[in-house]
Every structure is written in structure tokens, then in C-alpha cells.
Amino acid sequence: MRDTRARSSRLPHRAAGAAPAPAPALRADAAHNRLRVLRAAREVFAERGLDAPVAAVARRAGVGVATLYRRFPTRDALLAEVFADEMAACTGAVEDALADPDPWRGFSAFLELVCAAQATDRGFTAALLTTATAGGSAFEDSRARMEEKVAAVVRRAKAAGALRPDFSRADLSLALMANRGITAESPEAAAAASRRLVALLLRSFRAGAPEPDPLPPVAAVGLYPARATPGAPPPRR
């Protein structure tokens, strides 16, 4: 997973020959509280959206609001830290799609990767699908830059004649919403259902596919488990 967060090239001035001052380390209890806040924020934002009160995050983490604000002075700072790794990975996936010499393969791989990640961690995609918060923020800026690259992936696949011409970027949101709605008895079943759903969606998105690729195995979810399919073995318990 690549890290796309930029680092400043400006270094603080210090006297010649002086050793650089070490970064202050967090005390064990402060580091523990920080991890609790980030974990709680991920859960609360996934459940209630990005506008959820910061106080709700503090309650979930079992810390005071003042403790939370000491580590994350603004909501923007909290959002940026909570989703930093996911945003970097998602941006990297879009860049990989643009670099792929096959526009359809790049588009397909991007959708498969994002939906696979969503099947096990819904918080980040819930944040991506949430209506933009009022005013600019680091998270919103990162999301806007990523959306520009996603638009380029879509245009490229259309120009190659691989993606149907009436496809809209809004259809990607529909795909993520559908994938987010998957319910299953285990993470493995959810991942299997996600793979099959994405394969079905890609068939409908592709322009003029002469022979469809085989679908992934049927997933044991919902009203019709895999054993109800003729010829399919019963699911493992």
C-alpha cells in the first residue's frame, strides 16, 4: 500500500553542528487513547456519516472531548487521519488503472479492488459516498482529486470502446451502494458475494463483449443459498 501523503521540503533552521531535535514521543497512555479515538471515529463515521458529532466519537472511544481535541484539534484533522491510509490506497488504485495499457482492465481492476476493500471495511467507502461537507477540508480536497482521476479512468475506457457510452460516474456510486448493501454470515461469504456482484456489474458495463467471462462461484447469502443452485455443492459450515 503506497503512501501518497506529501512531505514538506522545508526544514527548520538549526545552528551548525547541532543535532536535530528528536520528535516528541507520545506517552503510552496518550498513544493508546489516540488509537481508541481513531478506531471509534471510523465506526461512528461509518454508522452516522461525516457529520456525526465529535462528542459521539469521544463517547465511543471512552475518552473526554478535551482529550480528543488535544490530539485532533479539528474535525478535518480527525477525518484526514482516520482515512489517510485508505485514501492513499484508493488513489494508488486509480493511478494504477490509468497506467494500465489496457483501459478496460484498468477500469475493472479499480472497481474490483474498491469493492473488495468495501466488503471488509465499509467506513471509508461510506465516507466517499457521503455528501461533501460544507467548506473545504483536507479530506474533501483529496476526494476531489481522486474523483478527477476516476473520471479520467472512465473517459479512457469509453474512448477505447470498452465501456458502454451511456455509462456515468454516478453508476460507480450505484455500484458501491449495491456492494455496501451485501449482508452475509461471515466476512468470507461477504467477499464472495462482492466478487460475484462486481462480475455481474462489469458484464453490464462493458460495451459489446462478444463472450462473457465465467462468473465467480455463487455466494451463500440471502434467500437462495448456494446449495439451492442445481449442481452446486452445499456450503461449508
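Remember, it's a predicted structure, so these values are computed and weren't measured experimentally. The first residue in the sequence is number 1, and the count goes up from there.
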(request) Let me see the working for L197 and C115 under side-chain contact (heavy atoms from CB on, under 4.5 Å), right down to the final yes or no. (result) CA-CA 9 Å; L197 173 63; C115 286; over 6 Å; no

(message) What verdict does the side-chain contact (heavy atoms from CB on, under 4.5 Å) test give for L113 and D96, after you've listed the backbone C-alpha separation in whole Å, the side-chain angles of each residue and the deciding distance to 0.1 Å?
(response) CA-CA 11 Å; L113 186 148; D96 289 344; over 6 Å; no

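To the nearest 0.5 Å, atom CD of residue E81 and atom CZ of residue R42 are 10.5 Å apart. For the atom pair R155 CZ and K158 NZ, the distance stands at 10.0 Å (nearest 0.5 Å). Here the straight-line distance linking atom CG of L202 with atom CH2 of W104 works out to 5.0 Å at 0.5 Å rounding.
A distance-only check finds no donor-acceptor pair linking the side chain of R60 to the backbone of A55 [under 3.5 Å]. Checked by atom type and distance alone, the side chain of T91 pairs as donor or acceptor with a backbone atom of M87 at under 3.5 Å. With hydrogens and angles disregarded, no donor-acceptor distance shorter than 3.5 Å links the side chain of R164 to the backbone of R206.
Ion pair E147/R169 not flagged as a salt bridge, since none of the NZ, NE, NH1 or NH2 atoms sits closer than 4.0 Å to an Asp/Glu carboxylate oxygen.
Of the N and O atoms on the side chains of N33 and T67, not one donor lies less than 3.5 Å from an acceptor on the other residue.
L68 and L35 fall into different hydrophobic clusters, defined by Ile, Leu, Val, Met, Phe, Trp and Tyr side-chain heavy atoms under 4.5 Å apart, directly or through other members.
Other residues, nucleotides and ligands contribute over 12 non-hydrogen atoms within 6.0 Å of the CZ atom of R105. Residue R156 places its CZ atom among more than 12 non-hydrogen atoms of other residues, nucleotides or ligands, all under 6.0 Å distant.
Aromatic ring pairs are classed by plane angle as parallel below 30°, tilted from 30° to 60° and perpendicular above 60°; the pair F83 and F45 is tilted.
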